[in-house]
Peer 1: 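Starting off with a structure, shown below.
Chain A is the first sequence line, chain B the second, and so forth, proteins listed ahead of strands; every chain is numbered from 1.
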There are 2 protein chains.
Amino acid sequence: MPKNAAITRNRIVAAASKLFYGHGIRAVSVDDVAARAGLTKRTLYYHFRSKDDLIAAYLAARDEPTIVIVMGWMDAAKGTLADKLEAVFAQMARLGRHPKWRGCGFLRTAAELVTTPGHPALKAGAAHKKKLEAEFAGRFAQAGLDAPEMRARQVMLLFDGAFSAMLTHRDASYAEAAGQAAMDLVRGEKVRVVAKRRA
Amino acid sequence: MPKNAAITRNRIVAAASKLFYGHGIRAVSVDDVAARAGLTKRTLYYHFRSKDDLIAAYLAARDEPTIVIVMGWMDAAKGTLADKLEAVFAQMARLGRHPKWRGCGFLRTAAELVTTPGHPALKAGAAHKKKLEAEFAGRFAQAGLDAPEMRARQVMLLFDGAFSAMLTHRDASYAEAAGQAAMDLVRGEKVRVVAKRRA
DNA sequence: CAACGTATACTGACTAGTGAGTGTACGCAA
DNA sequence: TTGCGTACACTCACTAGTCAGTATACGTTG
């Protein structure tokens, strides 16, 4: 029955997700994940070749849903591009205030696995951030913003910076400061262009 | 001989620094640090009460030198505030291209120790980032920039974002994109203020 | 349709090695 | 001779991964 296998696999990934995100990858043992999933370690190893495989599956499972959530924030917000970015960072701050919030799983994994350069989880993390950047760039271009790729990259830098700062200081207001900066970046361009044309 | 004790202690911190930064805190054992310092684990435990103490000492030793380096970049650069910020991020990109570069030790430690909220190393990391932010704010105020504290915070967000993105993508050009954003933020303000006054 | 073979999904007990931290003895300087 | 700094040898808990074996479902064949 391949259906059962998929169910079990999902249960393992869900358990891994909770634990890896909550405590960090190295801090969580394969036994811990198995126990949380309600099965033995040997069964886990039936479904995954190694802990590294499990880590990769954990991040892969977070990729799409995360993008849907963030872009959902953006698309649901009313107003200008700046207003939409403000909303994204405001939502981020809201998440950051939740007691179970532990930063960005992708960034923290990248930090933990920094010594294993070819790790599939690192590739998944990099790809995820690139996708998010591309989603921003597409919307910026749609809105007629100058240099949409560059601005998308800069907004991503603020996005990741906000994750880092919120984690460091345990202060969600950093996301709001990042939001203000993002607004300035997508509005400032137009102001400067107008000024240049007049000169 | 308290002098010898200090020398030994420094040797241990230097060894810990190399290893913790290079491989991550959890990936490095106390035995590894002792071996690299050229002494036994028992001697290390004579000088440090626990591994946690050693981690805190590792970050404490990096605090001041890091600030001196970054502010040295800024103060050595010629030109406007924007030019100086461009120089800071350009230097950051230069470091990021070094093969031994492994991101920001403070941020990576924060990511690894996320489950131990009161950890002295986390406090040291947060204090370090605050100090850096204050150094930026002081220089921004000196230069007559509007809202220097807010701008300093936003530049720090770009700073930490650049660390994260460079680590994620192994691409130092992210620091340069962050530098461009920082320049826009410290220049854009003036442009907007002028525009408002005219209106 | 009953007996059999086989793949699926699972388990408990284990290995070999590593982790942080410690008890105790010994040399050497003041 | 006191006590500081160092080393060896150790404990005990934990870790990734493995061995050998089992229950169940299901298609095939006599």
Peer 1: Would you say the side chains of A/Gln142 and A/Arg139 form a donor-acceptor pair under 3.5 Å?
Peer 2: no

Peer 1: Could you write nucleotides 8-13 of chain D as a row of B, S and -, 5' to 3', where a protein heavy atom under 4.0 Å of any base atom gives B, of only sugar-phosphate atoms gives S, and otherwise -?
Peer 2: B-----

Peer 1: Measure CZ/B/Arg9 against C1'/D/dT6 and give the value in whole Å, please.
Peer 2: 17 Å

Peer 1: Could you tell me which residues satisfy side chain to side chain contact (heavy atoms under 4.5 Å, CB included) with A/Ala124, sequence neighbours excluded, listed by chain and number?
Peer 2: A/Leu59

Peer 1: Nearest-Å distance, CG (B/Asp31) to C1' (C/dT22)?
Peer 2: 13 Å

Peer 1: Are B/Glu86 and B/Arg187 within salt-bridge range, i.e. N to O under 4.0 Å?
Peer 2: no

Peer 1: Could you check B/Arg11 against A/Ile25 and say which one's nearest nucleotide on DNA chain D is further toward the 5' end?
Peer 2: B/Arg11

Peer 1: When the distance from CZ of A/Phe48 to P of D/dT18 is rounded to whole Å, what number comes out?
Peer 2: 16 Å

Peer 1: Which of the following nucleotides, D/dC4, C/dC10, D/dA7, is nearest to the side chain of B/Tyr46?
Peer 2: D/dC4

Peer 1: So what does B/Val33 hit on the nucleic acid, given a heavy-atom distance under 4.0 Å: a base, only sugar-phosphate, or nothing?
Peer 2: nothing

Peer 1: Do any side-chain nitrogens or oxygens of A/His47 fall under 4.0 Å of OP1 or OP2 in C/dC10?
Peer 2: yes

Peer 1: Rounded to the nearest 0.5 Å, what's the gap from OG on A/Ser17 to CG on A/Leu54? Could you check?
Peer 2: 9.5 Å

Peer 1: What I want to find out is whether A/Lys129 reaches A/Glu133 closely enough, with some N-O distance under 4.0 Å, to be called a salt bridge.
Peer 2: no

Peer 1: Indicate whether OP1 or OP2 belonging to D/dT6 is found under 4.0 Å from a side-chain N or O atom of B/Thr8.
Peer 2: yes

Peer 1: A/Leu39 has an atom CG; how far is it from atom P of C/dT8, in whole Å?
Peer 2: 18 Å

Peer 1: Apply side chain to side chain contact (heavy atoms under 4.5 Å, CB included) to A/Ser50 and list each qualifying residue two or more places apart in sequence or on a separate chain.
Peer 2: A/Asp52, A/Asp53

Peer 1: Could you state the atom-to-atom distance from CG of A/Asp32 to P of D/dG17 in whole Å?
Peer 2: 14 Å

Peer 1: Applying side chain to side chain donor-acceptor pair (under 3.5 Å), can you list everything that pairs with A/Lys131, at least two apart in sequence or on another chain?
Peer 2: A/Asp63

Peer 1: Residues two or more places apart in sequence or in another chain: which of them pass salt bridge (charged side-chain N to carboxylate O under 4.0 Å, His left out) with B/Lys84?
Peer 2: none

Peer 1: Within residues 49-57 of chain B, which residues have any heavy atom lying less than 4.0 Å from an atom of DNA chain C?
Peer 2: B/Ser50, B/Lys51

Peer 1: Return the value, rounded to whole Å, for the distance between atom CZ of A/Arg26 and atom C1' of D/dC14.
Peer 2: 15 Å

Peer 1: Take atom CD1 of B/Ile7 and atom P of D/dG5, then tell me their distance rounded to the nearest Å.
Peer 2: 12 Å

Peer 1: Mind calculating the distance between CG (A/Leu44) and C1' (C/dG12) to the nearest angstrom?
Peer 2: 16 Å

Peer 1: Within 45° of the ring axis of B/Phe20 and under 6.0 Å from its six-membered ring centre, is that where the NZ or CZ of B/Arg102 lies?
Peer 2: no

